[in-house]
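Comments concern the structure below.
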Amino acid sequence: MRKALNQGLKSYLDFIIKNAFAVIIAVLLFVIAAGIGISKLSIDSDMLHWFDRKSDIAKLQYEINDTFKVNDPTIIMLETDGIFKVENLELIRNLSMKIKEIPGVNEVLSITEIEDVQSTAEGVNIGKLFPRDIPRDQKSIDKVKDYVMSLEKYNGSLVSADGKSAAIIVKGFPEVKSDTIAKKIKTFVSQYLKVNRKDVKPYFSGIPSVMNSVTDIIVRDIGFLVPLVAFVILLAHFVSFRHPYGTFFSLVTVAMATVAAMGIMGYIGLPLTPLGIAIPVIVMAIGNAYGIYVISAYHEEGQLTNDKKTVIFNASKRLLVPIIMSGLTVFAGFASLITASGLKAIIDFAVINSIGVILSFIFTISFLPALLAVLPMAKRRFKSQEAEKESKILHNFAVWVEKNRLLVLGFVILFSAVNIYFAAKIKTDSDYMKYFKEGSEPRIVTAKVTEVFQGTGEFLLYFKGDASDPRELKTISVIEEQARYYAGSKSRASSIVEMIATLNANMTEVKRLPETSMEINNLWFFIEGNEQISRMVSRNKNEMISTFLLPFFNSDGRSLMLKNIENSIKTNSKVRFVNNAENHTPAISLSSLMLYNRFIRRGIQLPLEKIQATVSNLVFQTGNEEYKNILSSYSRQKDWLKNSASAVRQELLKGEGRLSDEDLIYSLSPLVWSEVPTPDSAGAAIFEKSNMSGIVKLFTDLDKIVMENQITSILTAVVIVVLIIALMFRSWLTGLLSIIAVVFTVIVNFGFIGMTGIKLNFVTVTVASITIGTGIDYTIQYMARYYHEINSSRLSPKEAFIKTVATTGRAILTNALAVGCGFLVLVLSSIMPLRDFGLQMFVTMFTSSFATITLMPIVLLYFAKRIHLKIN
């Protein structure tokens with residue numbers, strides 16, 4: 001078997017050497033052809049596209065986008081000297097109308113374009129707040145201003161509380177990339193204001209605008225980091241080899257592999273994501289290791305003979321199998337990401353890196369030997385005095401480690417324990433805003449817009465049921481108010497619930513939800529086909545969404561909020577309806593919560609308990625018989641609600657008017673419902689389906705999947721690597737022992753994360769699996785040389801250990817220096833998770849190499865007899 005392998009290797013190398021020029025030309029032509037694909041690369045920063053359409057996390061969001069023809073909103077905030085001035089209202093209208101003409105834009109909401117529903121003596125009036133021609137007299141404008149500023153659906157949503165800022169909310173069609181639309185909008189608005197209104201300051205926020213900032217960073221970082229990593233690797237090679245053959249050749253080989261891999265990425269249509277920036281860095285950093293080992297062996301064999309063919313053959317023969325195994329283990333590391341993540345962006349990342357590593361391996365065993373064959377033999381001067389000193393230092397180091405085995409093992413155990421302690425402190429956080437450093441434009445703008453309009457991240461409640469069923473609408477109202485409360489009460493829901501209540505005011509003179517399906521169906525006549533309604537209710541009226549704009553919470557706060565909202569959805573999925581005349585408690589609780597949410601939104605700080613006490617007094621002071629009479633008549637309900645609203649204003653608000661009578665009455669309206677939903681596990685299922693979605697939900701789900709997949713991917717990588725090593729050395733014990741250094745490295749990595757406060761996110765979660773795949777490379781190279789010295793040179797395990805550290809140890813450290821410094825370049829990225837990724841990989845590369853020349857030899861010495869019997 002071995003003879004056949006040697007003969008096959010000899011035939012292969014003979015072919016490469018005899019046809020060196022043809023091999024070089026063939027490889028170069030392939031690289032050029034593949035590299036053309038780079039021109040086809042696209043950038044996709046849309047977080048939703050990181051998930052597959054069929055994934056559990058994103059499936060509902062894709063379905064909502066398709067059903068309601070919406071996408072993540074772009075939010076434009078205009079800062080003026082006063083919104084309610086003719087010139088500023090005309091500016092908002094002109095911008096709104098022109099933005100609507102931009103291809104891909106589906107809906108534009110602004111103070112001049114929003115369709116307002118009002119009940120008048122003549123009937124229901126649905127129209128824009130301002131007519132086609134903005135009134136020129138300030139008195140007419142002030143009348144609309146008073147109305148707008150009195151309602152929470154406008155105040156704090158489309159106009160700031162101080163009346164100086166306005167929001168224009170733009171949504172695109174789902175089939176069009178939202179970041180593309182946002183970029184067009186920003187370009188148009190900026191240019192328009194530059195020409196027409198330099199005094200107005202625009203702020204561009206929302207997830208699509210953040211995506212554009214990420215895209216700009218991707219373009220900038222690719223152009224800056226890739227040349228820099230090439231230079232750093234080149235410098236590391238020069239410091240280590242101090243010879244052009246070591247300095248340039250392995251870098252040229254891996255650079256070609258990187259170009260080809262990125263070109264293939266373009267051909268097969270995989271987009272660059274924020275994680276994709278690291279692909280060329282990773283391929284260059286990891287792939288150059290193969291060339292380093294070949295060049296090191298070439299120089300070492302060159303000390304023994306001047307015959308170039310013999311040198312190339314001996315160097316390649318000694319390293320071919322270890323390099324193949326190294327390539328397979330690196331592939332295993334990336335393959336573990338493919339099988340475990342469920343994230344399309346990570347799968348794409350793993351696929352392209354795998355292709356890059358495979359190409360690096362292929363070029364190393366074909367292009368590099370061919371290149372060495374056509375170039376003159378390296379002169380012996382490459383073995384400088386500095387290199388001899390380094391080998392001597394490593395020799396002495398190996399002797400010291402061998403003599404102090406127990407001390408080294410004790411240090412490893414203690415250090416591992418410390419790192420395990422800090423690893424327990426690891427937290428996940430996939431907040432998109434954390435991609436940017438403090439003081440960056442996206443974070444400043446988002447903070448500014450959030451301060452004025454309470455949020456920029458979209459959150460959705462989804463309900464599948466009957467939009468004309470009053471029981472379902474009442475239950476949705478309960479869930480909406482609880483969601484507002486858990487989100488801090490500063491946001492509000494945009495949904496069909498309040499719209500129906502407003503329309504109903506024309507019929508009953510009371511802003512409240514109707515009691516029958518017939519009443520609701522009569523109201524649909526006024527809003528059938530309305531564009532704004534189509535974003536709330538599906539065409540068949542069997543799906544409904546409630547939309548919130550929330551601030552960016554930290555991971556813990558976001559997780560707690562969604563957990564509470566999810567619990568609210570679950571507990572209200574089965575309800576029973578309580579007769580309000582017999583049991584007032586559910587209605588009092590809901591009305592109190594509605595008032596509390598609206599008070600907080602207007603900056604009125606009152607305890608929920610105090611509000612509930614006031615509402616309770618209103619109900620119980622009325623008397624049961626009178627209360628029943630009120631519930632039986634819309635006219636009595638109107639009078640009672642008006643009086644109750646006045647009482648609330650006097651008792652709780654001390655007469656001040658920050659909250660309108662309409663909002664007060666609507667908040668108190670559950671008190672006059674005939675029946676009120678209350679959770680009951682034995683009750684009937686109220687919805688066919690109910691759930692949450694939106695970018696805020698995706699962040700939290702990503703946190704969960706990051707932690708789950710971290711464990712799965714590590715176990716997958718370890719199993720594959722153990723199997724490969726066991727097959728290579730024909731020993732399961734060797735396979736198990738081989739991962740000890742890597743396991744130690746992974747422990748150090750997690751300890752480092754916990755110690756430094758780095759968060760696990762969809763970028764840093766890949767580090768452990770990549771570390772296993774690449775870190776095992778050092779172990780393979782060490783073990784291959786170690787067993788070579790035992791079996792071929794007939795050295796004792798102790799002598800083999802010392803010689804291996806002094807020779808291959810130098811190549812391992814050279815590789816760690818080049819790879820680690822290559823990754824360290826990522827700390828200069830403008831994307832914060834990539835900085836953490838680069839720093840982690842730098843630490844793990846040096847930890848892994850150090851463990852390989854200290855911990856690994858000690859372990860092998862302890863198991864020498866059992867292993868060597870099998871190897872021999």
Side-chain angles (χ1 to χ4, degrees), residues 64 70 72-77 109 111 114 148-149 151-161 165-169 171 203 205-207 210 431-433 445-463 476-499 532 535-536 544-554 557-569 590 592-606 608 658-660 663 666-667 692-700:
I64 289 173
V70 293
D72 286 317
T74 296
I75 302 171
I76 310 158
M77 187 178 87
L109 297 176
I111 196 63
I114 190 77
V148 166
M149 299 305 286
L151 300 176
E152 73 153 6
K153 62 182 177 181
Y154 300 129
N155 190 333
S157 297
L158 294 177
V159 181
S160 62
S165 298
I168 301 177
I169 302 173
K171 292 190 176 184
Y203 296 87
S205 189
I207 292 298
V210 175
D431 190 339
Y432 216 5
M433 294 312 300
V445 170
T446 300
K448 177 71 174 179
V449 176
T450 298
E451 179 186 354
V452 177
F453 291 109
Q454 284 81 52
T456 61
E458 192 169 60
F459 172 71
L460 305 171
L461 296 174
Y462 169 82
F463 305 95
I476 291 174
S477 179
V478 172
I479 297 173
E480 283 181 353
E481 295 301 329
Q482 290 177 355
R484 286 184 65 167
Y485 175 75
Y486 293 130
S489 299
K490 292 186 177 181
S491 183
R492 63 175 294 274
S494 175
S495 76
I496 193 62
V497 174
E498 188 171 355
M499 181 71 74
Q532 189 175 338
R535 310 291 176 256
M536 303 174 180
M544 298 160 278
I545 56 172
S546 303
T547 306
F548 298 77
L549 286 179
L550 301 179
F552 284 93
F553 297 94
N554 61 38
R558 188 174 63 241
S559 180
L560 178 61
M561 175 193 73
L562 291 183
K563 183 179 179 180
N564 288 330
I565 295 175
E566 183 179 27
N567 184 60
S568 172
I569 293 173
L590 177 57
S592 301
L593 187 60
M594 292 175 73
L595 285 170
Y596 176 84
N597 287 334
R598 285 152 182 79
F599 287 169
I600 295 297
R601 183 172 168 82
R602 288 299 184 91
I604 303 167
Q605 301 290 332
L606 287 174
L608 180 58
R658 268 185 283 175
L659 206 65
S660 68
D663 285 332
Y666 179 61
S667 298
M692 304 177 290
S693 191
I695 195 71
V696 175
K697 177 72 162 51
L698 286 177
F699 283 146
T700 304

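By convention here, the first residue in the shown sequence is residue 1. Computed from a predicted model, the values in this text were never measured in an experiment.
Side-chain atoms of L606 and F599, non-hydrogen and from C-beta on, do get closer than 4.5 Å to each other. The shortest side-chain heavy-atom distance between E458 and K171 falls under the 4.5 Å cut-off. Using a 4.5 Å heavy-atom threshold, the side chains of F459 and S546 count as separate. Residues I565 and L461 form a side-chain contact, since some pair of their non-hydrogen atoms from C-beta on lies under 4.5 Å apart. Under the 4.5 Å side-chain criterion, counting only non-hydrogen atoms from C-beta, L158 is not in contact with F453. E480 is not listed as a side-chain neighbour of E498, based on a closest heavy-atom distance of 4.5 Å or more. A heavy-atom distance below 4.5 Å is not found between the side chains of L593 and R484. Side-chain contact between V148 and N155: absent, with no pair of heavy atoms (C-beta onward) separated by less than 4.5 Å.
Atom CD1 in I168 sits 11.5 Å away from atom CD1 in I75 (nearest 0.5 Å). Taken from CD in Q482 to CG in L590, the straight-line distance is 8.0 Å, to the nearest 0.5 Å. Atom CD1 of I207 and atom CD1 of I695 lie 4.5 Å apart (nearest 0.5 Å). Atom OG1 of residue T547 and atom CZ of residue R492 lie 10.5 Å apart, to the nearest 0.5 angstrom. A distance of 6.0 Å separates CG of L549 from OG of S491, quoted to the nearest 0.5 Å. If you take CG on L109 and CZ on R535, they are separated by 9.0 Å, rounding to the nearest 0.5 Å.
Within 6.0 Å of OH on Y203 lie more than 12 heavy atoms contributed by other residues, nucleotides or ligands. The number of heavy atoms from other shown groups lying within 6.0 Å of NZ (K490) does not exceed 12.
With hydrogens and angles left out, the side-chain atoms of S157 and E152 include no donor and acceptor closer than 3.5 Å. Under the 3.5 Å distance criterion, with hydrogens and angles disregarded, a donor-acceptor pair is assigned to the side chains of T700 and R558.
What you find for S477 and V497 is that their closest heavy atoms are CB-CG1, 4.0 Å. The heavy-atom pair separating L608 from S592 by the smallest distance is CD1-O, 3.7 Å. Shown here for M149 and S160, the closest heavy-atom pair between the two residues is CE-O, 3.4 Å. Here the shortest heavy-atom pairing between L562 and V696 reads CD1-O, 3.8 Å.
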Check the pair I545, S495 against side chain to side chain contact (heavy atoms under 4.5 Å, CB included), reporting the backbone distance first and the verdict last. CA-CA 6 Å; I545 56 172; S495 76; over 6 Å; no

T450 vs L550, side chain to side chain contact (heavy atoms under 4.5 Å, CB included): CA-CA, chis, key distance, verdict: CA-CA 8 Å; T450 298; L550 301 179; over 6 Å; no

Any chance you could lay out the side chain to side chain contact (heavy atoms under 4.5 Å, CB included) test for M536 and M544, step after step, and finish with the verdict? CA-CA 6 Å; M536 303 174 180; M544 298 160 278; over 6 Å; no

Given I114 and Y154, is the side chain to side chain contact (heavy atoms under 4.5 Å, CB included) satisfied, shown in steps? CA-CA 9 Å; I114 190 77; Y154 300 129; 3.9 Å; yes

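In this structure, K697 does not pair ionically with E566, as no charged nitrogen and carboxylate oxygen lie closer than 4.0 Å. Salt-bridge annotation for R598 and E481: present, with a side-chain N of the basic residue lying under 4.0 Å from a carboxylate O of the acidic one.
Legend: residues meeting ring pair (Phe, Tyr, Trp, His ring centres under 6.0 Å) with Y462, ordered by chain and number and at least two apart, are absent.
Between the side chain of N564 and the backbone N or O of L560 there is at least one donor-acceptor pair closer than 3.5 Å. Side chain of S489 to main chain of N597: no donor-acceptor pair is present (N/O by atom type, distance under 3.5 Å, no hydrogens or angles). Distance alone, capped at 3.5 Å, places no donor-acceptor pair between the S205 side chain and the V445 backbone. Put simply, the side chain of S667 gets close to the backbone of D663: a donor and an acceptor are under 3.5 Å apart.
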